[in-house]
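Heads up, the thing below is written out as structure tokens.
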Amino acid sequence: MAHLDKAFREGRGQRADAKSSTRLDWWREARFGMFIHWGLYAIPAGVWQGEAIAGIGEWIMKRAEVPVAEYEQLAKQFNPVKFDAKAWVALAKAAGQKYMVITAKHHDGFCLFQSEQTDYNMADGTPFARDVIKELAEECQRQGIRFCFYYSQTQDWHHPNGWGNDWDFGARDFNNYLETYVKPQLTELLTNYGPIGLVWFDTPMIIEEEQSRALLEHCRLLQPDCIISGRLGNTLGDYASAGDNKIPDGAADWDWETPATINDTWGFKTNDHNWKSTEDLVHKLVDIVSKNGNYLLNVGPTAEGVIPQPSVDRLLAMGQWLDVNGEAVYGTQAGPIQGVPWCRSTEKGDTVYLHVFDWPSDGRLVLESVSAETARLLCAPASALSIEPYDGGLVIVGPKEAPDKIDTVVALT
Ligand code: JFZ
């Protein structure tokens with residue numbers, strides 16, 4: 001939890017700057033995004049030379065200390081014939097996600113986009129020979145999803161001057177890597193793919209303030225409206241990032257996001273079957289939004305280009321819940337009822353949305369220090385619920401059976 005506290009202290013500084021701009025408006029409205037970790041690591045999928053490698057799948061090169069010359073060979077096998085940009089974007093849309101963030105370059109250095117800076121990319125270095133970033137960017141544009149990319153600015157285990165590979169490389173010139181490789185790649189990504197919603201930098205590690213600032217300014221010049229993630233380093237991003245899968249205990253009044261997995265890995269792993277339930281995922285989304293945050297939920301497609309079915313099932317179920325209850329999520333912020341275990345609250349204008357996770361068996365929802373004139377269920381908007389005064393608060397009288405087993409939303413005005 002220590003890291004979360006630190007991220008949040010850093011977040012305070014970020015809010016002041018962010019508030020004055022409208023850059024974050026769409027993102028605050030969106031609340032829910034799709035993260036995609038996809039790259040060469042989907043081929044070994046957690047197993048290297050017959051041995052299961054512990055930990056997150058996209059770190060296999062580092063965890064197994066695979067030499068560059070060996071790992072690079074994976075590119076020649078990367079042929080995701082089932083990749084379908086239209087289907088991926090349609091899934092995000094059906095799930096109720098408003099933005100998509102995909103790993104243009106992760107720590108292993110392999111690029112999903114066509115780059116003049118290296119042939120170690122999907123279009124020039126694999127039998128697939130297609131620019132999947134281009135296909136996804138165009139499809140997102142078509143289907144109305146904000147297209148965003150992840151870019152590992154510090155760690156690059158393939159580049160001799162990048163950070164993190166000490167089994168192949170020794171002394172390095174990190175600044176040279178930033179100036180002659182990272183910046184030109186960011187130019188490509190922020191020039192060739194239309195408007196980019198945000199750049200998700202990650203694991204700043206050794207990057208110095210001056211260097212983070214140089215990358216920020218570089219992005220700003222190319223696309224001034226593009227949001228920069230908090231993990232650019234040195235508190236220079238537009239919003240704070242909570243630790244992976246971490247949710248703070250209470251509401252924060254600055255902009256923040258929780259990046260999260262549906263199972264326990266970002267990049268696909270054949271042996272990870274620890275899928276969270278739909279109920280758990282909806283509760284996490286609502287919990288985060290009730291504390292002013294965004295939920296960036298990951299999928300890890302296979303080497304064939306398929307999003308694992310357990311992820312698809314859960315995302316579609318979340319989308320069904322959001323079809324009915326999205327009003328209580330999108331464009332809302334932390335509501336007035338906080339710290340009550342059985343519910344969460346969000347608000348928008350003069351409406352407070354009460355999210356009931358544990359519906360009381362007598363159907364009576366007792367709320368202290370709240371006033372309201374009307375109460376209605378989002379899942380049955382035609383029938384108003386009656387409200388009785390109660391000791392400085394009120395009681396909403398609903399049915400005895402939970403109308404929605406996952407989260408029943410009551411709108412109070
Ligand atoms: C990073 C990456 O190393 C990982 O592969 C993945 O892309 C993930 C989304 O981000 O891992 C982190 C970064 C920060 C924290 C934890 C894992 N953190 O702040 O707790």
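Every number for a ligand or one of its atoms is a count from 1 in the order of the listing.
- Within ligand 1, the atoms closer than 4.0 Å to a non-hydrogen atom of W59 are 2 (C), 3 (O), 4 (C), 5 (O), numbered from 1 in the order shown.
- Residue contacts with ligand 1: W266 is placed with no nitrogen or oxygen under 3.5 Å of a nitrogen or oxygen of the ligand (distance criterion only).
- Pairs engaging residues 302-329 under the salt bridge (charged side-chain N to carboxylate O under 4.0 Å, His left out) rule: K82-E304, E327-R376 [sequence neighbours left out].
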Give the intermediate values and the outcome of side-chain contact (heavy atoms from CB on, under 4.5 Å) for residues Y239 and S229. CA-CA 6 Å; Y239 67 85; S229 81; 3.5 Å; yes
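- Remark: ligand 1 atoms within the under-4.0 Å shell around heavy atoms of Y150 are 7 (O).
- For T203, no nitrogen or oxygen atom sits less than 3.5 Å from a nitrogen or oxygen atom of ligand 1, counting backbone and side chain alike.
- No part of N298 comes within 4.0 Å of ligand 1, judged by heavy-atom distances.
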Using ring pair (Phe, Tyr, Trp, His ring centres under 6.0 Å), reason through F169 and W157 one step at a time and then give a plain yes or no. CA-CA 9 Å; F169 308 122; W157 307 326; over 10 Å; no
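- Contacts of K246 with ligand 1, taken as heavy-atom pairs under 4.0 Å, are absent altogether.
- Between the side chains of T187 and H218, at least one donor N or O lies within less than 3.5 Å of an accepting N or O.
- Here the CZ-CD distance, from F110 to E72, works out to 11.0 Å after rounding to the nearest 0.5 Å.
- The minimum heavy-atom distance linking L216 with L232 is given by the pair CB-CD2, 3.7 Å.
- Between E139 and R142, at least one side-chain nitrogen of the basic residue sits less than 4.0 Å from a carboxylate oxygen of the acidic one, meeting the salt-bridge criterion.
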F201/T203 under side-chain contact (heavy atoms from CB on, under 4.5 Å): CA gap, chis, key distance, verdict: CA-CA 7 Å; F201 289 112; T203 61; over 6 Å; no
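- Of the N or O atoms in W200, none lie within a sub-3.5 Å distance of an N or O in ligand 1.
- Atom numbering of ligand 1 starts at 1 in the shown order; those under 4.0 Å from a heavy atom of E58 are 4 (C), 5 (O), 6 (C).
- For atom 11 (O) of ligand 1, the candidate residues are T261, L296, D244; the nearest heavy-atom contact is made by D244.
- Close contacts of ligand 1 with H106, meaning ligand atoms under 4.0 Å from a residue heavy atom, involve 4 (C), 5 (O), 6 (C), 7 (O).
- Taking a cut-off of under 4.0 Å to the non-hydrogen atoms of G243, the atoms of ligand 1 that pass are 18 (N), 19 (O), 20 (O).
- E29 pairs by the salt bridge (Lys or Arg N to Asp or Glu O under 4.0 Å) definition with nothing, not counting sequence neighbours.
- Applying the 4.0 Å criterion to heavy atoms of H37 picks out, from ligand 1, the atoms 6 (C), 7 (O), 9 (C).
- The shortest N or O to N or O distance between Q155 and ligand 1 is not under 3.5 Å.
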